[in-house]
Protein chains: 2
Amino acid sequence: MTEKQLQIVETALHLFAEMGFDAVSTNKIAQEAGVSEGLIFRHFQNKLGLLNAIMQIGAEKIALFSEQIEILATPEEKIQAVLELPFHIKEDEYPFWKLLNGLKWQNQYYDQTAVAPIRNIIEKAFKDMNYSNPTTETDLILAYTDGLATSILLKSTEVDKNELLKTLRKKYNWILKK
Amino acid sequence: MTEKQLQIVETALHLFAEMGFDAVSTNKIAQEAGVSEGLIFRHFQNKLGLLNAIMQIGAEKIALFSEQIEILATPEEKIQAVLELPFHIKEDEYPFWKLLNGLKWQNQYYDQTAVAPIRNIIEKAFKDMNYSNPTTETDLILAYTDGLATSILLKSTEVDKNELLKTLRKKYNWILKK
DNA sequence: TCATATAGTGAGTAATCACTCACAAAAGTA
DNA sequence: TACTTTTGTGAGTGATTACTCACTATATGA
């Protein structure tokens with residue numbers, strides 16, 4: 001990737017994350033990135049191609065996340081790690097997660113494959129723990145994870161985050177109770 | 001509201017909910033609603049005015065929800081009622097909640113006032129129960145509610161829903177543990 | 001019944017949209 | 001050096017955008 005190519009991707013990611021894919025014009029991206037509009041289409045074919053390039057980079061980061069969780073020894077640890085994922089998202093990764101969450105609500109663009117690896121980890125963990133309904137348990141954990149991520153991404157004050165994690169950890173007993 | 005006015009609002013709500021506000025043109029709304037495009041602007045001034053009209057109708061429904069919860073006797077019951085709110089959303093209310101959730105991720109349009117009453121109920125309930133950190137506890141409950149709503153709105157198979165609620169309730173005794 | 005207000009139409013408008021293309025600059029290769 | 005490939009430009013394109021307006025149809029009220 002050339003420097004200008006990277007500049008396009010970064011700028012587009014930030015704009016898409018804050019305003020939504022459809023609200024951002026290629027003209028605006030080019031201006032903010034300091035490149036000609038034509039360059040976007042040379043490198044990414046069309047606007048959707050640019051989005052896909054962004055999503056692929058993000059999906060690779062999620063895959064790395066998944067690998068790190070997969071290493072953990074017990075299923076309990078894996079579940080806890082996923083549930084606490086939202087607390088370990090770094091500020092510079094916020095735009096990608098914001099974009100991903102925003103796209104979820106638009107049938108046209110959302111692609112579930114990026115987050116699928118995480119679901120598989122949890123479902124397998126519950127099976128390994130001999131839960132009778134691992135799928136439903138997985139849904140509950142992922143719902144909570146999703147809600148926590150939403151709260152953190154949209155508010156994002158450091159103090160709240162630490163307090164939130166502390167209080168969450170007190171409740172692990174009931175979260176994992178069969 | 002005239003019949004055509006209502007037709008515009010209903011059609012726009014469905015389209016906005018499925019495709020996102022920016023991805024839907026006033027032309028498309030008019031066509032699907034079976035009215036002239038000009039009529040949209042006569043009644044709602046502009047596209048944003050149409051969105052505001054939709055949101056106001058939704059906010060009134062949320063206010064009704066809030067009142068019903070407010071009646072409940074104990075703070076524990078109120079918290080449970082809010083947590084289970086996602087399970088009691090009727091199918092015909094899905095579009096509004098989808099729209100609301102989608103808009104959350106776009107700085108330009110989101111207005112938090114619609115859901116504020118619900119937060120107030122929970123925070124007061126935790127205070128009445130003498131929790132030391134009612135704000136954080138509220139954040140956790142609302143995060144879970146939000147995640148559950150997301151899961152239900154985006155998948156929405158009746159079987160999953162019942163199973164999900166059943167499993168959630170098993171864990172419920174522990175939720176109020178300080 | 002007639003006047004007035006409201007509801008509804010559809011062709012028209014300037015601005016913006018995603019995208020193209022002929023061309024120039026830069027980088028790579030021999 | 002000389003040739004090829006890649007990177008980058010910016011004016012230009014037709015289509016679509018939100019929105020206007022002169023006009024007609026319908027309803028309301030005295």
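Chain naming here is simple, since letters A, B, ... match the order of the sequence lines and numbering starts at 1 in each.
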**Request:** Using atom CG of A/Leu6 as one end and atom C1' of D/dT7 as the other, report the distance to the nearest whole Å.
**Result:** 15 Å

**Request:** Compare side-chain N and O positions of A/Lys28 against OP1 and OP2 of C/dC17 and report whether any pair is under 4.0 Å apart.
**Result:** no

**Prompt:** Will you find, in the side chains of B/Thr26 and B/Glu37, an N or O donor that is under 3.5 Å from an N or O acceptor?
**Reply:** yes

**Any A/Thr2 side-chain nitrogen or oxygen under 4.0 Å from OP1 or OP2 of D/dT6** = no

**Message:** Can you tell me which nucleotide in C/dC17, C/dG8, C/dA22 comes closest to the side chain of A/Arg42?
**Reply:** C/dA22

**Request:** Taking atom types as modelled, find out whether A/Asn27 and A/Ser25 have a side-chain donor-acceptor pair closer than 3.5 angstrom.
**Result:** no

**Request:** Scan A/Gln5 against the nucleic acid and name what it touches under 4.0 Å (heavy atoms): base, sugar-phosphate only, or nothing.
**Result:** nothing

**Message:** Please report the distance, rounded to the nearest Å, between CD in B/Glu3 and P in C/dA7.
**Reply:** 14 Å

**Prompt:** B/Lys98 and B/Asn101: side-chain donor and acceptor closer than 3.5 Å?
**Reply:** no

**Message:** Distance check needed: C/dC19 P versus A/Phe41 CZ, whole Å only.
**Reply:** 5 Å

**Fill in**
Of the listed C/dG10, C/dA7, C/dC17, the closest approach to the B/Ser36 side chain comes from C/dG10

**Prompt:** Atom CE of A/Met1 to atom P of D/dT6: distance rounded to whole Å?
**Reply:** 17 Å

**Asked** Between A/Asp139 and A/Arg119, does at least one N-O distance fall below 4.0 Å, as a salt bridge requires?
**Response** yes

**Prompt:** Over how many whole Å does the gap from B/Phe44 atom CZ to D/dA18 atom P extend?
**Reply:** 15 Å

**Item:** Sugar-phosphate, base or nothing in reach of A/Thr26, heavy atoms under 4.0 Å
**Value:** base

**Item:** side-chain N/O A/His43 vs D/dT6 OP1/OP2, d < 4.0 Å
**Value:** no

**Request:** Taking only the side-chain heavy atoms of B/Ser25 (C-beta and beyond), determine which of D/dA18, D/dT7, C/dG8 contains the nearest atom.
**Result:** D/dA18

**Request:** Take the protein atom CG of B/Leu39 and the nucleotide atom P of D/dA22, then report the distance between them rounded to whole Å.
**Result:** 18 Å

**Request:** Using ring-ring contact (aromatic ring centres under 6.0 Å, His included) as the criterion, list what pairs up with A/Phe44, not counting sequence neighbours.
**Result:** none

**Item:** Spacing of A/Ile40 atom CD1 relative to C/dT20 atom P, expressed in whole Å
**Value:** 13 Å

**Complete:** Against the side chain of A/Glu37, the closest entry in D/dG8, C/dC19, D/dC19 is C/dC19

**Request:** Quickly work out the A/Gln31 CD to C/dT16 P distance and round it to whole Å.
**Result:** 11 Å

**Complete:** Side-chain contact check for A/Lys47: nearest option of C/dA7, C/dA18, D/dT7 is C/dA18

